[in-house]
Protein chains: 2
Amino acid sequence: MGKAYNVMAATCPSRTVLHRIGARWTVFVVNALEAGPMRFTGLKAHIRGITAKALTETLRAMEADGLLVRTDLGGNPPHVEYALTDLGRSLLVPLRAVRQWAEAHVPDILAARERAEAPAD
Amino acid sequence: MGKAYNVMAATCPSRTVLHRIGARWTVFVVNALEAGPMRFTGLKAHIRGITAKALTETLRAMEADGLLVRTDLGGNPPHVEYALTDLGRSLLVPLRAVRQWAEAHVPDILAARERAEAPAD
DNA sequence: CCGTATCCAGGACGATACTG
DNA sequence: CAGTATCGTCCTGGATACGG
């Protein structure tokens with residue numbers, strides 16, 4: 001019942017977990033799937049600017065980590081749905097907070113960046 | 001006073017903020033500075049496995065974004081301290097949650113990865 | 001509709017050596 | 001102690017074209 005994992009340890013497996021969470025598009029996919037299952041094209045449209053390749057890689061990695069499930073409903077044209085697992089939904093909680101922080105503090109960050117760029121005065 | 005920023009928009013500046021948060025070492029530095037100011041060597045020792053170069057780059061980027069302040073206390077040998085700003089402390093809240101999620105769900109993720117690697121049965 | 005194949009550019013990151 | 005300099009590698013991820 002003690003603390004088994006510590007991200008500060010160089011070889012702790014929690015490092016790989018953190019790395020996956022921090023991957024470029026993971027936070028977007030998790031937030032996008034908050035409302036319910038989505039199809040590939042729906043995700044691609046929702047997450048503006050992502051390429052099919054990046055989306056595919058992100059989905060595959062998240063599926064391998066048990067964060068979402070891919071359901072092929074067959075048919076023609078194909079119909080594939082992606083939905084968060086319970087594990088993925090639990091990740092939604094902290095990642096939604098991260099997203100909200102990012103959106104809330106844009107002005108602060110931009111102001112700081114401008115200040116950093118103007119060394120002379 | 002509606003929602004001004006949305007990470008799902010391709011050109012929204014919140015994207016760059018999210019990118020900085022998701023940068024490999026940001027979460028480690030923020031968590032490390034939770035207890036109070038630290039020196040360069042202290043940070044390097046605390047965050048096992050980080051190189052001086054990566055730490056320097058992370059600190060510079062976070063300083064430019066107003067997440068921390070660098071204080072050069074002079075002297076010889078040099079004495080430099082890094083401390084979270086109010087903005088950085090506010091980021092601590094969601095990032096601590098991310099860290100805790102990562103440490104808590106290592107077994108789930110590892111189990112999922114093993115399952116993903118064993119397609120035959 | 002749901003991807004894959006291929007190529008390629010840029011940046012992150014590590015190793016190592018060195019400095020005020 | 002607190003970095004910088006240099007080099008090289010890996011990997012992300014974008015563009016484009018194509019396939020089931």
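Letters A, B, ... are given to chains in the order of the sequence lines, protein chains preceding strands, and every chain is numbered from 1. Predicted, not measured: the structure shown is a model, and the values here were computed from it. FYI, side chains are in, hydrogens and waters are out, and symmetry mates aren't considered; it's all heavy atoms of this structure.
- Between A:R70 and A:L59, every side-chain heavy-atom pair lies at or beyond the 4.5 Å cut-off.
- The shortest side-chain heavy-atom distance between B:L67 and B:L91 falls under the 4.5 Å cut-off.
- With contacts defined as side-chain heavy-atom distances shorter than 4.5 Å, the pair A:L55/A:W25 does not qualify.
- Under the 4.5 Å side-chain criterion, counting only non-hydrogen atoms from C-beta, B:L43 is in contact with B:Y82.
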Passes salt bridge (charged side-chain N to carboxylate O under 4.0 Å, His left out), A:E117 versus A:R113? Steps please.
CA-CA 6 Å; A:E117 276 177 9; A:R113 286 181 186 172; over 6 Å; no
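- A 4.0 Å heavy-atom criterion places the boundary nucleotides of DNA chain C facing chain A at C:dC1 to C:dC7, written 5' to 3'.
- Among pairs with a residue in residues 31-50 of chain A, those fulfilling salt bridge (Lys or Arg N to Asp or Glu O under 4.0 Å) read A:E34-A:R96, at least two apart in sequence or across chains.
- Counting heavy atoms from C-beta on, the side chains of A:M8 and B:R99 come closer than 4.5 Å.
- Within residues 28-46 of chain A, no residue has any heavy atom closer than 4.0 Å to DNA chain D.
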Using atom names, set out every protein N or O paired with an N or O of nucleotides 11-16 of chain D below 3.5 Å, distance rounded to 0.1 Å.
unit_1, atom_1, unit_2, atom_2, d
D:dG13, N7, A:K53, NZ, 3.0
D:dG13, O6, A:K53, NZ, 3.3
D:dG14, OP2, A:T51, OG1, 3.4
D:dG14, O6, A:K53, NZ, 2.4

Working for side-chain contact (heavy atoms from CB on, under 4.5 Å), residues B:M62 and B:T26:
CA-CA 8 Å; B:M62 290 177 64; B:T26 301; 4.1 Å; yes
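- Rotation axes derived from the C1' atoms of the five outermost pairs at either end of the helix from C:dC1-D:dG20 to C:dG20-D:dC1 lie 50° apart, to the nearest 10°.
- The closest side-chain heavy-atom distance from A:V17 to A:I21 is below 4.5 Å.
- Annotation: A:H19, atom NE2; neighbour count of heavy atoms from other residues, nucleotides and ligands within 6.0 Å does not exceed 12.
- Contact check of residues 67-82 of chain B against DNA chain D (heavy atom, cut-off under 4.0 Å) returns B:R70, B:P77, B:P78, B:H79, B:V80, B:Y82.
- Between A:F40 and A:V80, the closest side-chain pair of non-hydrogen atoms is not below 4.5 Å.
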